[in-house]
Structure formats: structure tokens, C-alpha cells
Amino acid sequence: MRLATGLRSLWRAKVNRRSIYTAAQTSPVDEYRKRMLPQFAYEPFASRHIGPRPDEVNNMLALLGYANMEPFIANVLPQDLPECSSGVEMKGLPVPLTESEMLATIRHYASMNKIKKSYIGLGYYGTITPAVIQRCILENPAWYTQYTPYQPEISQGRLESLLNFQTMISELTGMEVANASLLDEGTAAAEAMVMLFYHGGQKKPLFLVDRMIFPQTIACLQTRAEFFGIKIKLINREDDIDSDAFGVLFQYPDILGGINIYNCIQKAKSRGVGVVCAADLLALCMLKSPGSIGADVVVGSTQRFGVPMGYGGPHAAYFAARDEYRRKFPGRIVGISQDAAGRRALRLTLQTREQHIRRDKATSNICTAQALLANVAAMYAIYHGPLGLKKIASRVHQQAVLVANAAQKFGHDLINECFFDTVIIKPKTSITAAEMKKLAESYNVLLGSIGDEMVSISLDETVTDEDIKILLNILAMQPDLQSDVFAILEGTPSGAIGIPDEMKRNDNFMPQNVFNSYHSETEMMRYMNQLQSKDLSLVHSMIPLGSCTMKLNSATEMRTLSLPEFQDIHPFSPPANLGGYGLVMKELKEYLCAITGFEGVSLMPNSGAQGEYTGLLVMRAYHRASGQGSRNICLIPVSAHGTNPASATMAGLKVVPVKCNPMGGVELSDLEEKIKAHRDQLACIMITFPSTFGVFDEGMKRVAELVHTAGGLVYMDGANMNAQLGLCRPADFGVDVCHLNLHKTFCIPHGGGGPGAGPICVSAKLAPFLPTHPAIPHGSPKAIGPVSAAPFGSASILPISWAFIRMMGEDGLRKSSQIALLNANYMMKRLDGHYKILYQNPSKLCAHEFIIDCRPFKGTGNIDVLDIAKRLQVLHRV
Ligand SMILES: *Cc1c(COP(=O)(O)O)cnc(C)c1O
């Protein structure tokens with residue numbers, strides 16, 4: 001009888017298919033589930049995601065002296081959060097879907113995104129990901145689940161791949177040093193500006209920016225410049241270069257497709273002004289390298305080397321410079337060293353420059369970057385080799401020349417005669433630019449625009465003869481133009497437009513073996529597999545880093561990445577065509593609000609550190625709007641992750657450290673003293689909860705009260721949210737802003753050091769200040785400027801986190817945190833007695849991680865932490 005009712009509900013659900021997708025708290029699916037006999041129930045995803053089986057959970061609890069989960073959790077959590085012991089409600093989370101239901105849902109969402117052929121350009125282009133790279137890297141957990149290669153012994157494969165990336169960048173840009181990726185072109189340009197500023201001793205605060213730069217880059221620079229006290233001045237190419245400036249930025253090719261930056265660079269050099277060039281990699285296969293014409297720093301995106309546009313990201317940005325800047329580089333550099341036996345070995349170099357060590361003296365807060373995407377771009381270059389890349393670049397260029405000739409033939413004005421891949425036209429009088437764009441849309445084509453009068457067309461690797469025909473139809477304003485496009489152009493002069501001889505590249509770039517060896521698919525597959533086999537990832541073992549939660553990146557979650565409707569989308573496409581993205585982002589924000597208790601979310605930050613920076617800017621904007629703009633002190637407990645003080649410094653805040661107590665929490669008396677000393681200047685405290693010492697701070701509520709009473713705000717570093725899901729909500733214990741690392745707690749893979757997504761969640765009073773973006777404005781009038789090049793950051797990986805939450809549901813999420821806490825405490829208990837445990841709460845428990853004290857072994861056996869770490873690596877290998 002009950003089964004029959006169940007089936008009827010299922011039938012109803014089938015008829016009313018959409019109701020599954022909107023999944024209100026009481027959808028027919030939910031009703032059906034409730035009525036189903038338990039023995040026929042679907043396998044919930046949570047039981048696949050969570051490792052320990054029920055009997056193992058009971059055994060672990062028993063070892064810790066607990067009969068069941070609730071009293072254990074109550075003792076782990078701080079005693080001043082009693083309401084949390086049995087778990088908080090996460091209102092607004094939908095009922096969990098099974099894996100196949102989730103896939104059906106996300107496919108339905110995908111169908112609401114309309115793929116259009118994009119010629120918008122502006123740093124984002126169609127590209128073909130070679131299938132062998134897609135399969136062996138992007139879809140391969142041995143590549144995407146890796147952690148940042150801090151331990152060279154188990155990372156030689158990906159270190160070699162990142163070294164290839166650096167070599168490729170050095171070769172194409174003509175620079176001596178390149179790093180192993182940054183977050184995006186806009187922020188890479190900002191890093192270049194800051195690096196030159198520090199290099200010049202911070203004496204001259206003026207930075208010049210060519211007007212021909214991409215608009216999102218200008219916006220990112222302006223956001224970053226403000227709190228460094230840097231003044232940005234937009235200049236024209238013919239302007240004189242102000243010798244008071246410490247640097248100048250040019251785009252190559254620029255927003256009008258133009259490539260004539262040679263004279264400007266020489267002008268800048270003669271005035272002693274540092275030159276940054278934002279350059280397109282494919283163009284550099286044909287154009288003189290920026291290094292060869294005098295640039296000091298070169299930045300840009302590697303997206304069009306095989307990484308789909310993905311509505312804005314993730315893609316790897318690159319950063320390269322002359323050797324003299326080596327010690328001031330942001331991000332990580334892979335270098336060649338020697339192992340104990342004298343053999344060649346790779347490792348991260350200059351690690352002392354990282355924020356972990358330098359803290360508030362760091363000049364950049366880059367931690368997670370875009371390693372996986374850098375690997376894809378490097379492999380793309382390896383697969384095609386220099387000749388293949390030149391061929392692709394030449395084809396794109398030829399198509400651009402053809403389109404430019406056709407445009408003239410059909411009576412439009414060609415604005416730029418020198419170009420690589422981008423043609424700018426002013427339509428003839430019978431049609432406006434807007435009308436031409438509209439006509440294009442009727443062909444499912446997106447053209448770009450420059451002002452109201454000009455149309456821009458950027459060609460790329462994916463453009464076929466058929467696409468060219470369609471473009472010509474649009475330019476001719478005739479739907480049925482004759483099919484032989486080349487005949488149309490007969491007699492049209494060519495060669496006069498395009499790349500002038502003096503700008504053509506004539507050196508042989510990328511001569512290294514690696515770029516000239518793997519051009520068959522078999523060789524390529526073996527090379528990637530050979531590298532992978534040197535590395536350790538989640539396919540081998542656990543990677544026990546507390547806050548850097550290395551959790552399952554489920555195959556089902558990852559399937560969302562393979563949907564072209566999420567991948568082949570230009571970030572500046574009209575949102576009206578992108579209902580699926582709209583829904584995923586809206587729902588994900590709702591879920592994150594339900595989990596944290598907050599009211600507003602920005603998905604723009606591309607990493608945890610970028611989230612910190614964004615949250616701090618939002619707080620500063622709030623203080624300023626309340627007439628408290630001079631508040632500039634940021635309190636940070638000494639236990640904090642190194643990115644916290646680095647981000648605070650970048651936001652123009654002065655860092656004041658706060659001591660910790662023997663239990664790993666904030667030393668309240670020290671906090672009170674520091675607040676007293678800085679009362680009127682106090683902007684905020686940045687606190688990690690549970691702390692990076694591995695305990696829930698017993699005084700958390702009191703900390704928030706003290707800071708609020710002094711007029712400050714509370715920032716919570718939410719990288720440790722894996723310990724809190726469904727147990728407590730930051731908004732309930734006094735936090736005003738937190739970032740979440742979706743690449744830690746919410747299942748986006750680490751990729752060996754990126755991608756990342758670090759959205760911030762804020763209280764209602766801070767929500768109006770969340771960042772907006774010039775291409776897709778989406779904020780209140782009080783919004784701060786963009787912190788990423790793309791409006792919604794790394795949009796294409798957001799469905800992974802959405803899928804995780806959608807399949808886990810409220811109970812599953814809570815259980816995952818309970819088990820994380822149980823696992824850590826079980827391990828601690830087993831090691832207790834053999835090792836000294838540094839921090840525990842009054843119930844002798846830890847949070848999601850714990851620290852053992854290895855210092856005594858130095859005296860007793862001359863063994864230190866590294867020895868233990870290396871022995872663990874050997875054990876992992878067995
Ligand atoms: C990982 C982490 C960060 C930085 O996040 P990224 O995404 O690497 O920038 C900050 N704080 C804590 C506690 C972390 O674990």
C-alpha cells in the first residue's frame with residue numbers, strides 16, 4: 001500500500017518534471033522518499049562521500065569514550081555556543097538529490113544556457129582543448145586532486161609540468177623569469193603594478209595606463225591601487241610619458257586590436273619608467289616578443305591555450321619579468337635543483353618570499369593560483385609545439401585579414417589597419433553598430449562593441465569556414481550570400497593590412513626538447529602519464545592538512561565540468577542567454593547563506609586570499625560610508641594563516657598581532673589591551689575559527705563582543721568551515737564577514753595549487769558594498785570595484801560546489817563535519833601519549849586538526865619535522 005502511494009508520487013514527479021529541479025523543501029521527490037520502504041531507498045550520496053562506515057564510527061566514538069555523536073560534538077564545540085551542540089538548522093537547503101537526479105538537474109540547467117559563437121574577445125577566446133589533455137589531465141583525479149607541490153619528493157611530475165609552463169611563458173614573452181601562474185590577467189596586471197611600485201622604493205606613486213587597455217583590467221588596477229596610495233592616470237599613445245611615474249602599462253594587442261606599442265615603450269624607457277605589457281600569447285607566436293622591444297614585465301592570460309572560457313574562469317594568468325625582479329615576484333616559481341644523490345630535481349624556489357613567512361611584510365597575498373590550468377596550457381603548447389602554435393596563430397590571423405577585407409568590400413570602415421586577430425569596424429551609414437550586433441544575434445553570433453559606433457570581431461582557433469561565411473553574411477547584411485566566401489574576396493588587395501613586417505616575430509621560440517617531442521597522441525598520453533606516476537594525490541592516500549581540507553572531489557560533481565553549456569560561454573555574454581548559470585549562482589548563494597547565516601554573497605574572488613582581500617575592502621567601504629574611514633588597524637592572532645596579514649596590508653590596514661593562550665585561542669587580556677591602545681582606529685579583527693592551531697576558540701563570542709564594542713568588525717577566515725557545516729553558523733556568534741574556500745570545504749579540487757574559488761558571505765549591513773564589475777554590473781551603487789577580471793570569478797567550477805551541497809543536503813553536510821571532527825580526534829587519541837599534543841580544549845579534544853610537538857625529538861634522536869614528513873611520504877608510497 002505504501003509502495004503504491006510512493007509510485008504514484010513518483011509518477012506525479014515525472015509528469016511535473018520541473019518540480020524536481022526547483023526542489024522546494026517539500027517537493028514530490030521528498031514526499032516519495034518519505035513513503036518509500038527503507039530497503040528500497042536510493043543510495044544517498046552522503047554515504048559515498050563520507051568514508052567511515054557506521055560500525056567504524058561507533059568504534060571511534062567508543063575509543064574516545066562516547067556512546068554517540070551528539071555529546072562528543074557538544075564537547076568539541078566551545079561551551080559559550082551551547083545552542084550549537086545538537087546542530088544548527090540550515091534553512092533553505094533543498095532535500096538531497098541522488099547522483100543521477102543531480103546530473104539530470106544540472107543538465108536541465110545547462111540547457112538554459114544558450115551557446116553563441118563569441119567574437120567578443122577582450123581577453124577571452126574560443127579554444128580547442130585537445131581531447132587527450134581533457135581526458136588525461138582535466139578529467140584525471142591523479143592530476144586534479146593533487147595538493148600544492150610543497151614536498152618535491154612526491155611532486156616531480158607536476159613540478160616538471162609547471163616548469164614547462166614557465167619555460168613556455170619565458171620563450172613567448174622574451175622574459176628571463178616567469179612564475180607558475182596567477183589568478184587572472186586583471187589581477188596579474190595589478191601584481192605587476194605593485195611589484196614595480198615596491199621596486200622603485202614606493203617613492204613615486206604614479207602609474208600610467210594606456211587607454212587602449214581592456215576595461216576589466218583598468219577596473220582591477222583601480223581597486224588595487226587605492227589602498228597602496230597609487231594614483232592611476234590614463235594616457236594616450238601620443239602623450240608624453242611622465243617621468244614622475246614608476247610604471248606604465250600597455251596592452252599588446254590592444255582593445256582596438258592594435259599592435260603599435262614600440263614607440264611608446266621606447267619613450268617610457270628613455271624616461272626611466274618601468275614598462276608592463278599585457279600580452280596575448282597566441283599573438284606572441286607571430287608578433288615581436290615584448291622582451292625584444294623593451295618591456296620589463298609581461299602579464300596576461302593563457303586561457304586560449306586550450307582552457308575553455310567557462311563564463312570567466314578558471315584560467316591561468318602568467319607573470320614574467322626581467323631577472324632583476326626575481327626576488328620581488330608574486331606567486332610561486334619552480335626552479336631546478338639537485339637531490340641528495342646529485343641528480344636533477346625540481347622544487348619551489350624562493351619560498352621564503354611567500355606570505356607564510358613574510359606575513360605583513362609580504363607584497364602579495366597569492367597562495368592558491370591556477371596550477372591545473374597552467375598545466376593544461378603548458379600541455380597544449382607541448383602538443384602543438386612551436387610550429388603548431390605558429391600555424392594556429394597564422395590561421396587566426398589570415399581569417400582576421402579576410403574579415404577585414406570583406407568588411408571594407410561591403411562598405412564598412414576599417415578602424416585598425418594593423419592587427420593580429422581583432423578587426424574593428426565602423427558600420428556604413430545604413431546600419432548602426434547596435435543593429436549589426438542584433439543582426440548577428442539572429443545568427444547566434446555575439447560581436448563585441450567599442451563605444452556606440454564601432455563593432456569588434458576577434459577571431460580564434462575554433463572559427464571554421466562555415467563560421468566565416470556566417471560572419472560575411474552579417475557584414476554583407478544579406479542572409480543568403482553566395483556560399484563561396486573566397487570568391488567574394490577575389491580581387492581584394494591583401495597584405496596591406498594585418499601585421500607590418502617590422503612587428504613580425506622572426507626568432508625561433510620554444511626550441512627545448514619538451515616542446516618538440518610529443519606531437520602524436522600516443523606520445524602525448526605517455527608523457528602525461530609518466531609525469532603523473534611520479535606524484536602523490538588523493539588517488540593514492542590521504543593528504544592530512546587540516547584547513548586545506550583535501551576531500552573527495554566526486555566523479556559526479558566533476559561531470560558538471562564537461563557540459564559545453566557551462567564551458568563555451570564568454571564572460572561578458574548577455575546574462576539573459578544564461579538562465580542555467582543564473583540559477584546555479586543564485587542557488588549556490590542561497591545555500592552559502594543558509595550554511596553561514598549571512599545575507600549577502602559575492603562569488604567574484606578566485607581564491608581564499610582574494611576573498612580575504614575582498615572582505616577587508618568591503619569592511620573599509622562600510623567604515624568609510626559611516627564616516628569612520630580613518631579606521632585602519634587590523635588585529636590578527638599570531639596563529640593566523642600567512643595570507644591574513646598579507647591581505648590586510650594590501651587593503652591598506654596596519655596589522656597588530658594578538659597573542660594566543662596555551663589552549664590555542666585568543667589571549668583575551670592581550671586582545672583587550674590592544675583594543676584599548678587602538679580603540680578609535682580599530683577597523684577589524686581577522687580570526688580563523690576553528691583556529692589553525694586546531695581548536696575551537698572558547699572565547700570566540702567574547703572576542704566578537706569586545707571588537708564590536710570598540711566599533712570594529714569581525715572577519716572570519718572560513719577556510720576551516722569543514723569543521724562547522726550544520727554545527728554552528730558564523731553569523732550567530734558575531735562574525736560580520738567570512739570567506740569560504742570552495743576548493744577546500746566544498747569539493748572543488750585543488751589541482752596541485754589551483755583553481756580556487758573564495759566567495760565571501762556578509763551580513764546585511766555590509767551587503768551593499770559587495771563588488772561589482774564594469775562588464776556585467778551587479779551591485780548596489782555603494783559597491784566596491786572588481787577584485788577579479790571576470791564578473792563572477794571562476795564561474796565554471798561553481799557547479800561542483802552546487803552539486804556537492806545539492807546531493808549532501810542538510811543532514812549530509814552536518815554529518816560530514818561531525819565525521820571530520822571525529823576523525824581528527826580519533827587520530828589524536830591514538831597518538832596521544834606517544835607524542836605531545838600541543839593544543840586541546842578543556843574537554844581534551846581538538847577540532848578538525850591537531851598539532852603534535854616534535855621539538856623534543858631533536859634532542860633525543862636528532863630527528864626533526866622534515867624527517868618525519870619524509871618518512872610519511874615513504875609510507876604513503878607503499
Ligand atoms: C588555504 C587557506 C587560506 C588561503 O586560501 P587560498 O585559496 O590558498 O588563497 C587562508 N587561510 C587558511 C586558514 C587556509 O587554510
Side-chain angles (χ1 to χ4, degrees), residues 146-150 180-184 187 191 313-314 317 330-332 348 351 354-357 359-360 362 364-373 543-551 603-616 634 636-651 660 664 685-697 715-724 730 735 737-760 787-788 793-794 797 801 820 824 847-849 851:
Q146 293 166 341
Y147 191 62
T148 310
Y150 290 125
S181 87
L182 289 180
L183 296 172
D184 57 32
T187 53
E191 298 283 349
R332 305 189 168 107
L348 294 180
Q351 279 187 35
E354 283 205 73
Q355 1 71 22
H356 298 284
I357 319 284
R359 302 183 78 86
D360 56 323
S364 158
N365 68 346
I366 292 290
C367 182
T368 289
Q370 302 278 18
L372 184 71
L373 300 314
I543 298 171
L545 292 143
S547 64
C548 305
T549 318
M550 296 296 294
K551 70 203 303 181
L603 299 171
M604 204 187 285
N606 278 323
S607 72
Q610 213 71 338
E612 293 167 15
Y613 174 66
T614 313
L616 293 168
C634 178
I636 302 185
V638 291
S639 58
H641 192 270
T643 52
N644 289 193
S647 301
T649 309
M650 282 171 59
C660 285
I685 187 167
M686 281 185 100
I687 187 161
T688 308
F689 186 77
S691 87
T692 41
F693 285 167
V695 283
F696 280 102
D697 194 332
Y715 184 99
M716 188 193 88
D717 178 333
N720 294 339
M721 200 64 198
N722 198 42
Q724 291 186 59
V735 174
V737 191
C738 73
H739 78 262
L740 300 174
N741 277 5
L742 300 190
H743 51 301
K744 291 180 179 171
T745 312
F746 296 92
C747 295
I748 291 174
H750 275 255
I760 58 169
V787 291
S788 301
S794 293
I797 49 177
S801 299
H848 62 302
E849 64 181 332
I851 297 180

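Counting starts at 1 for both ligands and their atoms, following the listed order.
Although no hydrogens or angles enter the test, the distance criterion places no donor-acceptor pair under 3.5 Å between the side chain of Q370 and the main chain of G754.
Note: an N/O pair closer than 3.5 Å links D717 and ligand 1 by distance alone. Residue-to-ligand polar distances place A609 within reach of ligand 1: an N/O pair is separated by less than 3.5 Å. Remark: ligand 1 and G608 share an N or O pair separated by less than 3.5 Å (distance only, no angle test).
Residue contacts with ligand 1 for T368 involve both N, CA, C or O and side-chain atoms from C-beta outward (heavy atoms, distance under 4.0 Å). The part of A719 lying near ligand 1 is the side chain, judged by heavy-atom distances below 4.0 Å. Under 4.0 Å from ligand 1, the heavy atoms of N741 that appear belong solely to its side chain.
Ring planes of F689 and F696: perpendicular class, angle over 60° (limits at 30 and 60°).
Note that CG of L740 is 7.0 Å distant from CE of M716, once rounded to the nearest 0.5 Å. One distance of note links NE2 of H743 with CD1 of I797; it measures 8.5 Å at 0.5 Å rounding. Rounded to the nearest 0.5 Å, atoms CG (N365) and OG (S647) are 4.0 Å apart.
Shown in contact with S607 at under 4.0 Å from a heavy atom are these atoms of ligand 1, numbered in order with element: 7 (O), 9 (O).
The closest protein non-hydrogen atom to atom 14 (C) of ligand 1 is K744 NZ, 2.9 Å. Nearest non-hydrogen protein atom to atom 15 (O) of ligand 1 is S547 OG, 2.5 Å.
M650 and Y613 get closest at one heavy-atom pair: O-CE1, 3.7 Å. Counting all heavy atoms, side chain and backbone alike, A719 lies closest to H739 at N-NE2, 4.1 Å. Looking at every heavy atom in both residues, S607 comes nearest to N741 through C-OD1, 4.5 Å.
The residue from H743, E849, E612 that puts a heavy atom closest to atom 7 (O) of ligand 1 is H743.
Residue Q610 places no heavy atom under 4.0 Å from ligand 1.
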